[in-house]
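Reviewing the structure listed below.
Just so it is clear, the model here is predicted, and its values are computed rather than measured. FYI, the numbering just counts along the sequence from 1.
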Amino acid sequence: MTLQERARQLNAARPQVEQRIRMACKDAALRAVEKAVDLTPPSGDLSGTHTRAGEMKQDWVASSTVEPMKKGDTYETVLANSKEYASYVNDGHRMDRHFVPGLYINEESGLLEFDPSKEEGIVVGTKTHYVPGIFMADEAKEEHRRVLRVELAEIGEILE
């Protein structure tokens, strides 16, 4: 086969290759979102703020863009979570003791209550000074890379 014949053959395969790349990018993005959702609380332990509602877990699907956007010769997808506390859950965060005005223990019921008009408050905090991160975004990115490597390896078969 001459060089010109091979060039014509590769040009003829270009639309099929581009479609396979687009499909591979979308599949990898979908798997990354699935991985992030799987690793995001609640996943058993329901203690803590926002863990019962599962808003952060649901937001991976709503905020991510899995349909590849072509920019020049590259395809782009987005793994995202718009919840303001997502980065703290992902990366970990410090827990400091702090004063909360209006927070008090009701003397009659013995329950913790909040009334912003009260001129008293309590210092709250935790025994844990640091909450370790879950790193769900990093795991999701690694899953994206893994799926993309597997699916793009199949493109070599088209070009042979």
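In the hydrophobic cluster analysis, where Ile, Leu, Val, Met, Phe, Trp and Tyr join through side-chain heavy atoms closer than 4.5 angstrom, Val89 is grouped together with Val61. If you chain together hydrophobic residues whose side chains sit under 4.5 Å apart, Phe114 and Leu112 fall into the same group.
Counting heavy-atom neighbours within 6.0 Å of Tyr88 OH, excluding the residue itself, gives a total of 12 or less. Surrounding NZ of Lys26 are at most 12 heavy atoms belonging to other residues, nucleotides or ligands under 6.0 Å away. Sparse packing is recorded around CD of Glu119, with 12 or fewer heavy atoms of other residues, nucleotides or ligands lying under 6.0 Å away.
In this structure a side-chain-to-backbone donor-acceptor pair under 3.5 Å is missing from Thr128 to Val131. Judged by distance alone, with hydrogens and angles left aside, the side-chain atoms of Asn81 form a donor-acceptor pair with the main-chain N or O of Met56 at under 3.5 Å. The backbone N or O of Met136 lies less than 3.5 Å from a partner atom in the side chain of Asn90, making a donor-acceptor pair. Not a single donor-acceptor pair under 3.5 Å links the side chain of Asn106 to the backbone N or O of Leu111. With hydrogens and angles disregarded, a donor-acceptor distance shorter than 3.5 Å links the side chain of Glu5 to the backbone of Thr2.
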- Walk me through it: do Asp59 and Ser63 pass the test side-chain hydrogen bond (donor to acceptor under 3.5 Å, both in side chains)? CA-CA 6 Å; Asp59 199 66; Ser63 296; 2.8 Å; yes
- What's the verdict on side chain to side chain contact (heavy atoms under 4.5 Å, CB included) for Glu151 and Arg20, showing C-alpha distance, side-chain angles and the deciding distance? CA-CA 8 Å; Glu151 293 205 12; Arg20 290 285 290 203; over 6 Å; no
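Counting only heavy atoms from C-beta outward, the side chains of Val100 and Ile122 never approach each other to under 4.5 Å. In this structure the side chain of Val123 never reaches within 4.5 angstrom of the side chain of His98, judged on heavy atoms. The side-chain heavy atoms of Lys118 and Glu113, taken from C-beta on, include no pair separated by under 4.5 Å. Residues Pro68 and Glu76 fail the side-chain proximity criterion, which asks for heavy atoms closer than 4.5 Å. At least one side-chain heavy atom of Tyr85 sits less than 4.5 Å from a side-chain heavy atom of Glu55. The shortest distance between side-chain heavy atoms of Val17 and Arg14 does not fall below 4.5 Å. Side-chain contact between Tyr75 and Met69 is absent, with no heavy atoms from C-beta onward closer than 4.5 Å. Looking at Ile21 and Leu152, their side chains come closer than 4.5 Å, going by heavy atoms from C-beta outward.
Closest approach of Glu67 and Thr77 over heavy atoms only: C-CG2, 4.4 Å. Of all non-hydrogen atoms in Glu120 and Phe99, the two that sit nearest each other are C-CZ, 4.4 Å. In terms of heavy atoms, Thr40 sits closest to Ala36 at OG1-O, 2.5 Å.
In this structure Glu143 satisfies the side-chain contact (heavy atoms from CB on, under 4.5 Å) test together with Arg31, Lys35, Arg146, Val147, sequence neighbours excluded.
Inspection of the Arg6 and Gln9 side chains reveals an N or O donor paired with an N or O acceptor under 3.5 Å.
We find the NE2-CZ distance between His129 and Arg97 to be 8.5 Å, quoted to the nearest 0.5 Å. How far CZ of Arg8 is from CE of Met1: 10.0 Å, rounded to the nearest 0.5 Å.
Put simply, the residue from Leu79, Leu39, Asp38 that forms a side-chain contact (heavy atoms from CB on, under 4.5 Å) with Trp60 is Leu79.
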